[in-house]
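Working notes, structure below.
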Amino acid sequence: MSASFSPPVFNSIAAILVNSFAVPPDAIAPDTPLSELGLDSLGLMEFVFAVEDAFHLRLPEDRLDPREAGITLQRLCEAIDAQIRCDVESPAAVHA
């Protein structure tokens, strides 16, 4: 499998799922859809907020809407990586 996201991002997301949402580690894989993590819609939103807080970013809904069917953990990782790159390249982040 060739990953188009950074493993540390995936590992951090996996840790959040296991530690904060009691998702069994064997249920967590890059191709796992968010809808199959056993979280209800509120839990799914809380998970996304926890991920955003962990990475100190906000994921715009046009980049990733967690309510959209078929979103996988890999797609979430890719959206986080893209947002991190966007934040790093942003002029506001340069003079921080």
Side-chain angles (χ1 to χ4, degrees):
M1 176 184 90
S2 73
S4 57
F5 59 89
S6 65
V9 170
F10 179 78
N11 292 339
S12 295
I13 289 171
I16 290 168
L17 285 168
V18 170
N19 298 325
S20 299
F21 295 91
V23 175
D26 60 348
I28 301 168
D31 61 348
T32 301
L34 298 183
S35 59
E36 293 181 15
L37 293 172
L39 304 175
D40 62 15
S41 58
L42 179 59
L44 191 56
M45 294 306 293
E46 289 174 347
F47 164 63
V48 171
F49 292 145
V51 167
E52 289 177 333
D53 288 347
F55 290 97
H56 307 289
L57 54 78
R58 292 290 170 248
L59 293 169
E61 282 193 16
D62 63 334
R63 190 175 296 254
L64 180 88
D65 184 344
R67 296 165 296 196
E68 184 182 323
I71 302 263
T72 61
L73 290 174
Q74 177 171 342
R75 186 146 164 223
L76 176 60
C77 290
E78 291 166 352
I80 290 167
D81 283 340
Q83 190 65 32
I84 289 170
R85 282 192 302 275
C86 182
D87 288 351
V88 167
E89 295 166 3
S90 146
V94 171
H95 65 283

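Put simply, the side chain of L34 does not reach to within 4.5 Å of the side chain of T72, judged on heavy atoms. With a 4.5 Å cut-off on side-chain heavy atoms, F55 and I13 count as touching. For the pair V23/F47, no side-chain contact is recorded, criterion being any heavy-atom separation below 4.5 Å from C-beta on. Side-chain atoms of P25 and V18, non-hydrogen and from C-beta on, do get closer than 4.5 Å to each other. With contacts defined as side-chain heavy-atom distances shorter than 4.5 Å, the pair L57/I84 qualifies. Contact annotation: the side chain of Q74 never approaches that of C77 to less than 4.5 Å [non-hydrogen atoms, C-beta and beyond]. Residues L76 and I80 have side chains in contact (heavy-atom distance under 4.5 Å, counting atoms from C-beta outward).
Judged by distance alone, with hydrogens and angles left aside, the side-chain atoms of T32 form a donor-acceptor pair with the main-chain N or O of A29 at under 3.5 Å. A distance-only check finds a donor-acceptor pair linking the side chain of S12 to the backbone of P8 [under 3.5 Å].
Of the residues L39, L37, L44, the one that meets the side-chain contact (heavy atoms from CB on, under 4.5 Å) test with F21 is L39.
For the pair D53 and R58, the salt-bridge criterion is met [side-chain N within less than 4.0 Å of a carboxylate O].
To the nearest 0.5 angstrom, E78 atom CD is 14.0 Å from Q83 atom CD. Taken from CG in D31 to CD in E36, the straight-line distance is 9.0 Å, to the nearest 0.5 Å.
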